[in-house]
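Take a look at the structure set out below.
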Amino acid sequence: MPAPCGHGSAWRWPVPAAQPTSIPRQLFYAADYLVKGETVAELAEKIGVDAAGLQSTIDRFNQDAIAGEDTEFGRGSTAYNHFRGDMDHKPNPNLATLDQAPYYAAKVRMGDLGSFAGIDVDSRHAVIREDGKRIPGLYSVGAAAVSVFGGGYPGYGSHIGPALVFGYRMGRDIAELAAESGSADALERAMEVQA
């Protein structure tokens with residue numbers, strides 16, 4: 001899915017990975033990540049979308065940018081959004097008109113940052129089935145487990161902190177579960193090998 005922007009925006013602010021003053025943009029064109037069009041119609045043709053539809057979308061976005069309110073997606077409507085915006089740009093630090101050629105589009109693909117929900121675990125981080133029973137030997141923490149944020153993503157580091165804290169707790173719980181099941185000797189031998 002393409003994310004379009006105009007020339008003024010592209011050279012003042014980052015276009016996803018293509019920063020204004022970083023790696024030469026030619027590398028992004030060669031990798032088919034960044035596409036450039038001298039007109040909206042040319043860009044639309046290059047990225048395989050309807051030119052009239054793209055122009056209509058850009059016109060609607062420009063109206064929102066001038067008003068300072070993204071009526072479709074709410075970009076720039078929270079303090080967290082503003083943190084990544086240009087605070088000198090008004091009326092909304094996250095919205096600028098797309099009205100200066102050439103125009104650019106960047107491919108937006110699904111990533112693997114993490115999960116907002118994760119798989120269900122019990123209080124000892126063991127993965128559990130729908131019936132609430134543990135899956136023997138399977139544990140999960142961090143973004144792979146059910147999120148402590150209940151499906152939200154508050155910001156940078158929100159996956160790292162839970163991974164560290166619950167990873168530590170999981171290690172402790174595995175040792176306790178091993179002792180309870182009578183396999184603590186095997187666990188101790190394994191830890192000696194690692195040391």
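- Of all non-hydrogen atoms in His125 and Asp173, the two that sit nearest each other are CD2-OD2, 3.3 Å.
- A side-chain donor-acceptor contact under 3.5 Å links Asp59 and Gln55.
- Applying the salt bridge (Lys or Arg N to Asp or Glu O under 4.0 Å) test to Glu72 and every residue at least two apart in sequence or in another chain returns Arg60.
- The backbone N or O of Thr71 lies less than 3.5 Å from a partner atom in the side chain of Asp64, making a donor-acceptor pair.
- When side chains are defined from C-beta on, Asn92 counts as touching His82, because their heavy atoms get closer than 4.5 Å.
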For residues 134-146, which side-chain donor-acceptor pairs fall under 3.5 Å, sequence neighbours excluded?
{"unit_1": "Arg134", "atom_1": "NE", "unit_2": "Asp122", "atom_2": "OD2", "d": "2.6"}
{"unit_1": "Arg134", "atom_1": "NH2", "unit_2": "Asp122", "atom_2": "OD2", "d": "3.3"}
{"unit_1": "Ser140", "atom_1": "OG", "unit_2": "Ala144", "atom_2": "O", "d": "3.2"}
{"unit_1": "Ser140", "atom_1": "OG", "unit_2": "Ala145", "atom_2": "N", "d": "3.3"}

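- Around CD of Glu38, the count of heavy atoms belonging to other residues, nucleotides or ligands within 6.0 Å exceeds 12.
- Contact of the Tyr103 side chain with the Lys46 side chain is not registered, since no non-hydrogen atoms from C-beta on lie closer than 4.5 Å.
- Summarising the geometry of Pro91 relative to Ala65, their closest heavy-atom pair is CD-O, 4.0 Å, with the distance given to 0.1 Å.
- Checked against Ile58 for a side chain to side chain contact (heavy atoms under 4.5 Å, CB included), the options Thr97, Leu98, Leu43, Asp99 give a single hit: Leu98.
- Side-chain atoms of Lys90 come within 3.5 Å of backbone atoms of Met87 as a donor-acceptor pair (strictly under, hydrogens ignored).
- The backbone N or O of Gly53 sits less than 3.5 Å from a side-chain atom of Thr57, completing a donor-acceptor pair.
- Closest of all the heavy-atom pairs between Tyr29 and Leu34 is CD2-O, 3.1 Å.
- Hydrophobic clustering of Ile, Leu, Val, Met, Phe, Trp and Tyr side chains at less than 4.5 Å, counting indirect connections, keeps Ile128 apart from Ile174.
- Scanning all heavy atoms of the two residues, the minimum distance from Ala44 to Ala51 falls at CB-CA, 3.6 Å.
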